[in-house]
Trainee: 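Could you have a look at this structure, given as structure tokens, before my questions?
As the structure is a computational prediction, the values presented were derived from the model and not from experiment. Residues: numbered from 1 along the sequence shown.
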Amino acid sequence: MSDPRPDPAALLALPTELSARIHASMTAGFDASLIARAEAIAPKQFDAVRLPLVHAWLRAQSDPAAVWARLFAYRDCVPTPRVREALGDDLTDALCSANALQPSHDQLRASLRLMPFAGLLLASDEVDARFDPVMGPGATTFELWRAIEITDSPRVLDIGCGAGSLALAAARAGASEVVGVDLDPRAVAYAQFNAKLNGITNARFEAGDLTAPVAGHRFDLVVSQPPFVTQPPSVTTTTYLHGGRRGDELALRMLSELPPLLSDRGRALALFDTADDDALIDRLTTAVNDPALRIVAVAAAGLGADQQALGYASTSHSQLGPDYAAAAIAYRDHLRELGIERTRHVLVLVERPPSAKAPCFSARVDTDGARLHDASALTELRQALDAAAHPDAELLQLRVRPSPHALFVHERSLAGLGDDRLRVRFEGGHASDRELSEAAAALIEILAQTDTLTEAVEHYAQVCRATPEQVAASVARFVRESLVNGLLVVSDRRDL
């Protein structure tokens with residue numbers, strides 16, 4: 001079978017005027033808004049199921065942006081005259097020469113994927129595991145980008161950069177220097193083309209295994225979305241998809257290479273799936289193997305084994321035929337053999353403590369549903385964990401307040417059975433909902449109304465008809481637990 005993929009080196013060699021015309025498609029309407037409207041059609045369905053409806057909607061549009069979307073986002077065949085009208089003869093011919101547009105009777109079909117992301121337009125391969133594609137921005141890319149904060153012009157490293165999505169977004173957002181590394185030389189060529197396409201000059205890209213190309217260098221921010229799919233023996237390895245027999249081996253090896261890369265203020269963010277079990281934080285701590293670093297895992301709901309098997313099989317067999325059925329069964333049997341019935345979707349933070357006296361720790365925080373923390377929520381969590389790690393005497397120097405995302409819910413039996421319940425519910429999946437005892441609810445209300453924890457201890461002692469010394473330890477324990485689970489947030493760190 002011949003290689004149907006575009007030639008990224010040929011794309012990189014396109015004249016600047018033609019690259020500029022590709023980028024100008026965004027201002028002509030081929031943008032995130034158009035993609036969002038298309039994605040709202042039959043969401044969460046396999047492409048083989050939903051794309052006919054997406055194609056029909058786009059074919060009904062008369063503007064050139066719909067042609068760009070049909071070709072480069074949704075794999076539709078478009079009559080050749082319509083393509084030439086929308087793209088121009090010279091760009092159409094150049095893309096055909098680069099194998100990015102391919103003839104099909106009197107129509108053209110794109111093997112090149114173009115997607116808007118973070119104000120950029122990014123080129124990559126089609127998602128077809130049979131040909132080991134170079135990946136552009138996908139769902140996990142958007143998730144990880146939401147958790148990234150670019151401040152103080154950091155030096156940024158993107159490990160496994162693919163087509164350069166996160167690296168180029170960081171460069172555009174204000175990073176002083178960005179390096180992207182990827183095992184696949186085609187990925188490096190794509191990333192270089194995307195830098196040219198978007199006019200970005202402060203990013204460079206190198207080919208090599210994980211961190212090998214940047215050995216001896218240090219970075220303020222390291223980001224990575226490593227492959228994490230389990231690999232059955234009967235399934236051919238693909239660079240972008242498989243992370244090892246269990247799925248997380250490559251991600252753990254990447255984490256093991258982080259410590260020497262982090263600067264004095266360095267931190268790393270990685271996003272991947274792993275088995276849902278009690279050993280998660282132990283696996284991460286063992287991989288990083290550096291007691292001078294903090295490790296925080298924010299774990300959201302992942303997929304069950306059946307959903308994983310169906311989704312992974314469809315990446316290679318999008319027509320959902322007999323080969324798809326065989327691959328789905330192979331994935332499901334492999335997961336069953338490994339004892340993996342469900343995964344967790346994990347955002348891993350590895351960082352150096354902010355000061356010499358700040359404690360080091362490892363912590364796992366579970367969230368409701370599949371929503372992970374964004375940058376602001378992650379900052380709140382880091383502050384909370386930092387505070388919770390201090391001894392009681394230092395902890396009680398803090399000012400804390402109930403989370404602005406937490407709501408009290410009082411459930412009362414209409415039958416008068418006397419089984420009232422107090423719960424706290426979190427808006428937007430910021431933390432896990434839970435029941436509260438009457439004592440916990442009373443303490444939360446006191447914390448909401450007092451200025452300092454010292455005052456809260458005194459008020460709570462009065463409620464309990466005890467002395468402050470008698471309740472201080474229990475208040476500290478409750479505050480520590482509530483900081484970790486998101487019920488409380490730090491409002492004043494004082495001198496800690």
Side-chain angles (χ1 to χ4, degrees), residues 1-28 30 35 64-117 120-138 161-165 167-168 180 182-201 203-207 238-240 318:
M1 184 182 296
S2 61
D3 189 343
R5 299 176 299 177
D7 180 359
L11 294 173
L12 184 59
L14 286 177
T16 301
E17 186 274 331
L18 294 185
S19 296
R21 196 182 306 168
I22 295 174
H23 192 268
S25 66
M26 293 180 69
T27 58
F30 177 48
I35 297 300
V67 175
W68 284 84
R70 288 173 62 187
L71 283 170
F72 300 112
Y74 293 107
R75 308 192 299 278
D76 195 11
C77 290
V78 181
T80 300
R82 186 84 190 276
V83 175
R84 292 187 174 277
E85 179 185 3
L87 275 63
D89 288 336
D90 49 355
L91 180 56
T92 300
D93 291 339
L95 291 177
C96 286
S97 296
N99 207 35
L101 285 176
Q102 300 170 359
S104 176
H105 303 293
D106 58 348
Q107 301 185 96
L108 289 172
R109 182 187 182 280
S111 59
L112 179 72
R113 183 172 175 83
L114 290 170
M115 288 296 290
F117 171 72
L120 306 166
L121 186 64
L122 298 174
S124 63
D125 288 331
E126 284 188 299
V127 182
D128 188 335
R130 292 174 299 170
F131 302 100
D132 210 0
V134 173
M135 293 294 291
C161 64
S165 305
L168 295 171
D182 199 283
L183 184 65
D184 187 352
R186 291 187 74 253
V188 170
Y190 259 122
Q192 291 169 336
F193 171 65
N194 284 325
K196 174 183 176 181
L197 185 63
N198 292 279
I200 291 173
T201 58
R204 62 183 174 88
F205 300 91
E206 299 185 22
T238 55
T239 304
Y240 91 99
S318 60

Trainee: Is the shortest side-chain heavy-atom distance between Met135 and Ser124 below 4.5 Å?
Mentor: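 The answer is no, as the side chains (C-beta and beyond) never meet within the 4.5 Å cut-off.
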Trainee: Taking the side chain as every heavy atom from C-beta outward, state whether Asp184 and Val188 have any pair of such atoms under 4.5 Å apart.
Mentor: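 With C-beta onward as the side chain, the pair stays apart.
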Trainee: Rounded to the nearest 0.5 Å, what separation is found between the CZ atom of Arg82 and the SG atom of Cys77?
Mentor: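 Going from the CZ atom of Arg82 to the SG atom of Cys77 covers 14.5 Å.
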Trainee: What closest approach, in Å, do Ala191 and Gly162 show between heavy atoms, and which atom pair accounts for it?
Mentor: CB-O, 4.1 Å
Trainee: Kindly indicate, with the supporting measurements, whether the criterion side-chain contact (heavy atoms from CB on, under 4.5 Å) is fulfilled by Asn198 and Leu122.
Mentor: CA-CA 8 Å; Asn198 292 279; Leu122 298 174; 4.0 Å; yes
Trainee: Can you see which heavy atom on Leu120 is nearest to which on Ser165, and at what distance?
Mentor: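 For Leu120 and Ser165, the tightest heavy-atom pair comes out as CD1-O, 4.4 Å.
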Trainee: Does anything in residues 9-25 form a salt bridge (Lys or Arg N to Asp or Glu O under 4.0 Å)? List the pairs, not counting sequence neighbours.
Mentor: Glu17-Arg21, Arg21-Asp90
Trainee: Looking only at heavy atoms, which two atoms of Ala98 and Ala10 are closest? And how far apart?
Mentor: CB-CB, 3.7 Å
Trainee: For the residue pair Arg84 and Asp93, establish whether any side-chain heavy-atom pair is separated by less than 4.5 Å.
Mentor: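 Answer yes - side chains close enough.
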Trainee: For the pair Leu108 and Thr92, evaluate side-chain contact (heavy atoms from CB on, under 4.5 Å) and give the outcome as yes or no after the intermediate values.
Mentor: CA-CA 10 Å; Leu108 289 172; Thr92 300; 3.8 Å; yes
Trainee: Quick check: closest heavy atoms across Ala110 and Leu71, and the distance to 0.1 Å?
Mentor: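 Answer, listing the atom of Ala110 first, then Leu71: CB-O, 3.2 Å.
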Trainee: What I'd like to find out is whether the side chain of Phe117 reaches to under 4.5 Å of the side chain of Ile35, using heavy atoms alone.
Mentor: no
Trainee: Can you give me the closest heavy-atom contact between Cys161 and Phe205, atom names plus distance?
Mentor: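 Heavy-atom minimum between the residues: SG-CD2, 3.9 Å.
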Trainee: Dump the intermediate steps for salt bridge (charged side-chain N to carboxylate O under 4.0 Å, His left out) on Arg186 and Asp125, then the final yes or no.
Mentor: CA-CA 10 Å; Arg186 291 187 74 253; Asp125 288 331; 2.6 Å; yes
Trainee: Ser111 side chain to Asn99 main-chain N or O, any donor-acceptor pair under 3.5 Å?
Mentor: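 Confirmed, Ser111 side chain pairs with Asn99 backbone.
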Trainee: Side chains of Asn194 and Leu168, heavy atoms from C-beta outward: is any pair under 4.5 Å?
Mentor: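 Yes, close enough: below the 4.5 Å cut-off.
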Trainee: State, with a plain yes or no, whether a side-chain heavy atom of Phe30 is found less than 4.5 Å away from one of Pro64.
Mentor: no
Trainee: Residues two or more places apart in sequence or in another chain: which of them pass salt bridge (charged side-chain N to carboxylate O under 4.0 Å, His left out) with Arg109?
Mentor: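 With neighbours one apart ignored, the set is Glu126.
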Trainee: Could you give me the CA-CA distance, side-chain angles and deciding distance for Lys196 and His23, then say whether side-chain contact (heavy atoms from CB on, under 4.5 Å) is met?
Mentor: CA-CA 10 Å; Lys196 174 183 176 181; His23 192 268; over 6 Å; no
Trainee: Could you go through Leu112 and Phe72, starting from their C-alpha distance and side-chain angles, then the distance that decides it, and tell me whether this counts as side-chain contact (heavy atoms from CB on, under 4.5 Å)?
Mentor: CA-CA 6 Å; Leu112 179 72; Phe72 300 112; 4.3 Å; yes
Trainee: Could you pull out all residues at least two apart from Phe193 that satisfy ring pair (Phe, Tyr, Trp, His ring centres under 6.0 Å)?
Mentor: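 Testing Phe193 for ring pair (Phe, Tyr, Trp, His ring centres under 6.0 Å), a comparison that skips the adjacent residues, returns none.
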Trainee: How far does CD of Gln192 sit from CG of Leu197, to the nearest 0.5 angstrom?
Mentor: 13.5 Å
Trainee: Between Arg5 and Asp132, is there a salt bridge with N-O shorter than 4.0 Å?
Mentor: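 Here Asp132 does not pair with Arg5 in a salt bridge, since their nearest N and O are not under 4.0 Å apart.
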Trainee: Would a 4.5 Å heavy-atom cut-off, applied to side chains only, mark Tyr190 and Asp182 as touching?
Mentor: no
Trainee: Any side-chain heavy atom of Ile22 sitting closer than 4.5 Å to one from Leu14?
Mentor: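 Ile22 reaches Leu14 side chain to side chain.
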